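To start, the structure under review is shown below, and the notes come after it.
Just the heavy atoms: all of them, side chains too, but no hydrogens, waters or symmetry mates, feed the values below. Everything numeric here is computed off the predicted structure, so don't read it as measured data.
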Number of protein chains: 2
Amino acid sequence: MPPSPEIAPTPPRRRGQETSEHILDAAEACFARKGYAGTTLRNVADVVGIRIPSLYNHFANKEALYAAVLERGMGPVLSVLSASMEDGSGDYPEPNSLIREMMMLLGDRPNLPRLVQYELLAGGHHLAPLLENWLRPAIAQSMKILKSTPAVRRWGPDQMPYLLVTFFNIVVGHFTTASLTESLMGNNPLSAEGLAESSKFYGELFASLIEAED
Amino acid sequence: MPPSPEIAPTPPRRRGQETSEHILDAAEACFARKGYAGTTLRNVADVVGIRIPSLYNHFANKEALYAAVLERGMGPVLSVLSASMEDGSGDYPEPNSLIREMMMLLGDRPNLPRLVQYELLAGGHHLAPLLENWLRPAIAQSMKILKSTPAVRRWGPDQMPYLLVTFFNIVVGHFTTASLTESLMGNNPLSAEGLAESSKFYGELFASLIEAED
DNA sequence: TGAGAGAACTAACTAGCGTTAGTTTCCCTC
DNA sequence: GAGGGAAACTAACGCTAGTTAGTTCTCTCA
């Protein structure tokens with residue numbers, strides 16, 4: 001199949017593009033709620049409002065659909081994190097603002113942390129290639145940043161990775177444990193107020209961890 | 001094909017009680033690795049070394065088996081937490097030692113945090129009845145404890161629940177994100193050294209959060 | 001206007017799921 | 001030894017999974 005030597009003036013079909021997006025939306029919701037194994041193509045097709053075999057006009061199979069959902073979902077988060085890390089104005093990025101930015105971003109896409117958590121439990125094999133090109137440099141960068149901050153005086157260089165893991169677990173965990181939190185605390189941690197309140201707390205928490213001790 | 005009757009001096013025919021335990025062990029490993037939907041009774045039976053229908057001599061169905069796994073697994077953790085909370089020697093429990101105790105306990109049973117995380121993602125409906133009788137009083141108790149500590153001076157009473165959620169997410173997340181952590185950091189966070197190192201870090205982290213500021 | 005491609009459909013297949021029925025085997029007790 | 005029950009087995013069920021084949025509709029463009 002030749003890759004269309006001349007540029008197509010107008011995309012061949014637009015209706016197909018739209019349904020592809022709808023399928024991705026539906027699949028994202030299903031996979032986020034019930035995981036890969038717990039999601040059936042019937043679930044997805046029913047949400048979209050089409051028959052199961054029609055899905056195969058847009059994605060090769062269930063796994064390809066899942067990979068596409070993951071890739072589309074992770075894109076924005078990775079670029080936000082990437083931009084925040086590579087800002088590099090000499091000054092180190094304020095953890096308070098970074099954590100608030102992430103919380104706000106994920107608050108708009110609460111499916112994402114669930115997808116990521118399911119993926120990690122499953123071994124993270126679909127996530128690894130997505131992260132490989134971003135997370136490694138980001139870690140190297142953030143390690144460099146962290147080491148140039150007063151925090152290193154408290155934590156020591158070999159404890160820096162744990163700060164990153166903690167950051168990750170707090171943010172992702174806030175979303176994946178929301179059902180438990182809500183049933184125990186009463187208020188919804190995914191509501192606007194819940195997100196604002198928790199973002200404030202997590203931001204202050206990390207700021208206090210990073211800042212120098214006396 | 002009959003399995004060669006002449007050999008097998010002691011056929012691996014086990015007594016029911018033992019088999020039930022073996023089934024629970026196998027099911028715990030399977031459910032922890034692949035979740036409820038991702039686990040098949042064939043997986044479990046193969047690990048135990050029996051046929052699928054034999055499982056039904058010990059558990060009513062797949063869901064009952066899952067509930068039994070969860071209940072057996074959660075027991076020790078709940079009692080440790082419960083004991084630690086209700087110690088109540090007037091003094092508040094040292095978060096450093098509590099977090100180390102939990103990390104050590106879960107380090108011996110790394111299936112548990114994964115089971116819990118899968119459960120929470122699925123809605124936590126099987127977990128709720130187990131936690132209802134323990135977690136609520138524990139939260140009330142720990143809130144009382146926290147409020148009597150210097151920590152409240154820094155965090156304010158309404159932020160106490162977030163301290164608990166953070167505690168939970170850090171400890172559980174350490175285990176559920178181990179695959180990612182290992183592939184990125186190089187060393188295994190579930191090994192003896194990894195656990196010791198991380199317990200130390202998390203303990204210090206929480207101690208520094210709880211202690212008074214200036 | 002007619003050809004072709006995209007995207008929906010119906011129908012059907014295979015494989016595997018959880019589950020049940022009925023049978024056999026072993027061990028313990030009388 | 002004989003009887004009974006626990007626990008293993010074989011065989012088969014109904015259902016649903018993901019997937020494929022083949023058809024129809026419709027829109028775009030030459």
Side-chain angles (χ1 to χ4, degrees), chain A residues 1-28 30-31 33-70 118 122 126, chain B residues 1-27 30-31 33-70 122 126:
Chain A
M1 184 197 292
S4 66
E6 63 238 315
I7 46 170
T10 46
R13 260 309 161 44
R14 203 154 140 256
R15 187 174 154 89
Q17 288 278 6
E18 290 172 16
T19 49
S20 290
E21 286 299 312
H22 287 151
I23 292 173
L24 285 172
D25 291 341
E28 181 181 298
C30 293
F31 286 135
R33 180 156 58 228
K34 312 210 273 180
Y36 181 82
T39 296
T40 71
L41 293 185
R42 170 169 299 278
N43 294 151
V44 179
D46 283 350
V47 173
V48 180
I50 59 177
R51 306 292 170 153
I52 299 172
S54 301
L55 298 173
Y56 287 82
N57 288 324
H58 302 267
F59 301 94
N61 49 36
K62 186 186 180 184
E63 184 147 346
L65 172 58
Y66 177 70
V69 164
L70 219 54
Y118 266 123
H126 289 85
Chain B
M1 184 202 288
S4 61
E6 66 257 8
I7 57 172
T10 313
R13 190 80 168 243
R14 307 179 183 107
R15 303 232 33 127
Q17 184 70 280
E18 294 171 15
T19 316
S20 292
E21 285 300 312
H22 288 146
I23 292 173
L24 285 173
D25 292 340
C30 291
F31 286 135
R33 181 157 57 229
K34 312 209 274 181
Y36 181 81
T39 296
T40 71
L41 294 185
R42 170 168 299 279
N43 294 150
V44 178
D46 282 351
V47 173
V48 180
I50 61 178
R51 307 292 170 155
I52 299 172
S54 302
L55 298 173
Y56 287 83
N57 288 324
H58 302 268
F59 301 93
N61 50 34
K62 186 185 179 183
E63 184 145 345
L65 173 57
Y66 177 71
V69 164
L70 219 54
H126 288 86

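Of the candidates B:Asp25, B:Leu24, B:Thr39, B:Val69 forms a side chain to side chain contact (heavy atoms under 4.5 Å, CB included) with just one, namely B:Leu24.
The overall bend of the helix from C:dT1-D:dA30 to C:dC30-D:dG1, read as the angle between its terminal helix axes built from five base pairs each, is 10° when rounded to 10 degrees.
Among the heavy atoms of the strands, none lies under 4.0 Å from A:Ser20.
The stretch residues 43-55 of chain A touches DNA chain C through A:Ile50, A:Arg51, A:Pro53, A:Ser54, each having a heavy atom under 4.0 angstrom from the strand. For the segment residues 59-70 of chain A, residues with any heavy atom less than 4.0 angstrom from an atom of DNA chain D are, sorted by number, A:Asn61, A:Lys62.
Here the NE2 atom belonging to A:His58 is positioned 11.0 Å from the CD atom belonging to A:Glu21, to the nearest 0.5 angstrom.
Checked by atom type and distance alone, the side chain of A:Asp46 never pairs as donor or acceptor with a backbone atom of A:Asn43 at under 3.5 Å.
Taking the ring centroids of B:Tyr66 and B:Phe31, they lie under the 6.0 Å cut-off.
Applying the 4.0 Å criterion to OP1 and OP2 of C:dA8, one finds that A:Thr19 has a side-chain N or O inside that range. Between A:Arg42 and the phosphate of D:dA17, there is a side-chain N or O to OP1/OP2 separation shorter than 4.0 Å.
No hydrogens or angles considered: nothing links the side chains of B:Ser54 and B:Asn57 as a donor-acceptor pair under 3.5 Å.
Separating the NZ atom of B:Lys34 from the C1' atom of C:dG16 is a distance of 13 Å, rounded to the nearest angstrom. The nearest whole Å value for the distance from the OH atom in B:Tyr56 to the P atom in D:dA11 is 19 Å.
For D:dA8, its base sits under 3.5 Å from the side chain of B:Asn57 at one donor and acceptor pair at least.
When all heavy atoms of A:Arg51 and A:Ala45 are compared, the pair lying nearest together is C-CB, 4.0 Å. For A:Ala68 against A:Phe59, the heavy-atom pair with the smallest separation is CB-CE2, 3.8 Å. Of all non-hydrogen atoms in A:His126 and A:Leu70, the two that sit nearest each other are CB-CD2, 3.7 Å.
Contact check for B:Ile50 versus B:Ile23: side-chain heavy atoms found under the 4.5 Å cut-off. At a threshold of 4.5 Å between non-hydrogen side-chain atoms, the residues A:Tyr56 and A:Leu41 count as touching.
For B:His58, the side-chain atoms get nearest to D:dA7 when compared with the rest of D:dA7, C:dA8, D:dG18.
Geometrically, A:Lys34 does not engage A:Tyr118 in a cation-pi contact defined by less than 6.0 Å to the ring centre and at most 45° from the axis.
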